2 protein chains.
Amino acid sequence: MAKYDPDLSLLFHALSDPTRRAMLERLARGPAAVTELAGPTGLRLPTVLRHLSVLEEAGLITSAKDGRVRSCALVPQALVPMTDWLEGQRALWEARLDRLDDYVTRLMKERER
Amino acid sequence: MAKYDPDLSLLFHALSDPTRRAMLERLARGPAAVTELAGPTGLRLPTVLRHLSVLEEAGLITSAKDGRVRSCALVPQALVPMTDWLEGQRALWEARLDRLDDYVTRLMKERER
DNA sequence: GTGATAGTTAGAGGAATGGCTAAGTATGAT
DNA sequence: ATCATACTTAGCCATTCCTCTAACTATCAC
């Protein structure tokens with residue numbers, strides 16, 4: 001089992017860091033240069049660059065250099081594999097929740113007698 | 001910025017490992033004991049236990065001991081914070097995609113003249 | 001109580017992560 | 001040509017992660 005899906009792992013890992021999520025939230029308002037993304041984080045540039053490369057390797061952002069400025073932007077479709085997986089799970093999990101409800105309900109009815 | 005939301009970080013981190021995702025997928029088919037979860041992974045028990053505790057600390061599963069067997073089960077609502085965040089982002093990202101489309105369309109119309 | 005079963009705890013080791021400084025390169029402005 | 005800006009690269013350090021072995025505890029079955 002557990003044939004590993006590098007895509008999902010990279011994606012979930014990329015989102016597991018609050019700094020990176022904050023960067024994505026900033027980028028949701030439009031493309032931005034590296035320095036601009038660094039600003040609110042309080043982190044040094046090399047550190048920020050590492051975070052950006054994690055995001056880029058996960059396919060969540062693209063970046064291109066224009067003159068001496070590197071501009072970063074979201075890759076909108078990038079969330080799809082994750083939302084698909086979560087959606088699939090949610091469906092199954094809720095089915096289980098229903099069965100649990102049934103079970104509890106049945107238990108309580110037993111008690112009432 | 002980046003006021004950190006430990007919840008989301010724990011959740012995304014928990015899902016970033018293929019072994020843990022496989023365990024969740026197994027649990028989606030119903031509760032299971034530790035040894036049963038360990039089986040398909042090929043990992044040693046202490047390793048499996050560590051994965052389970054990551055899942056449990058993220059709030060994705062619960063476990064309870066009955067006799068000498070520990071039974072693990074999903075916590076169905078646990079995915080909600082993640083899907084909420086992703087849904088919020090998706091909305092913003094797609095808005096950006098629309099604007100990009102607009103932009104490209106406009107560019108192409110300019111070219112046509 | 002003996003032995004097998006199902007976890008559990010403690011600890012070690014190597015790789016990956018997240019942060020830094022220091023020193024580089026490339027480009028725009030004067 | 002000089003200087004400031006905007007990254008970029010290289011390397012260090014502490015911590016966390018994933019996995020293991022070895023030894024332990026707690027049931028259950030005889």
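Predicted, not measured: the structure shown is a model, and the values here were computed from it.
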Partners passing side chain to side chain contact (heavy atoms under 4.5 Å, CB included) against A/A38 (at least two apart in sequence or in another chain): A/L45, A/V48

With sequence neighbours excluded, residues passing salt bridge (charged side-chain N to carboxylate O under 4.0 Å, His left out) with A/R90: A/E87, A/E94

Length of the CG-P vector between A/L49 and D/dT9, whole Å: 8 Å

Whole-Å gap separating C1' (C/dT9) and CG (B/L52): 16 Å

Nearest-0.5 Å distance that lies between atom CD in A/E25 and atom CG in A/L74: 10.5 Å

Rounded interatomic separation in angstrom, taking NE2 from B/H13 and P from D/dT15: 18 Å

Counterpart residues, side chain to side chain contact (heavy atoms under 4.5 Å, CB included), relative to A/P81 (two or more places apart): A/L8, A/L11

Residue pairs passing the salt bridge (charged side-chain N to carboxylate O under 4.0 Å, His left out) test where at least one lies in residues 34-46 of chain A, sequence neighbours excluded: A/R26-A/E36

Exercise answer: donor-acceptor pairs, residues 49-58 of chain A side-chain atoms, under 3.5 Å, sequence neighbours excluded:
residue : atom : partner : partner atom : Å
A/H51   : ND1  : A/R20   : NH1          : 3.1
A/S53   : OG   : A/R50   : O            : 3.2
A/E56   : OE1  : A/S63   : OG           : 3.2
A/E56   : OE2  : A/S63   : N            : 3.4
A/E56   : OE2  : A/S63   : OG           : 3.4

Axis deviation across the helix from C/dG1-D/dC30 to C/dT30-D/dA1, five-pair ends, to the nearest 10°: 20°

Under the side chain to side chain contact (heavy atoms under 4.5 Å, CB included) test, residues paired with A/V75 that sit two or more places apart: A/T62, A/Q77, A/A78

Sequence-aligned protein contact record of nucleotides 19-30 of chain C, with B where the base is within under 4.0 Å of a protein heavy atom and S where only the sugar-phosphate is: BBBB----BS--

Results of side chain to side chain contact (heavy atoms under 4.5 Å, CB included) for A/R68 - residues two or more places apart only: none

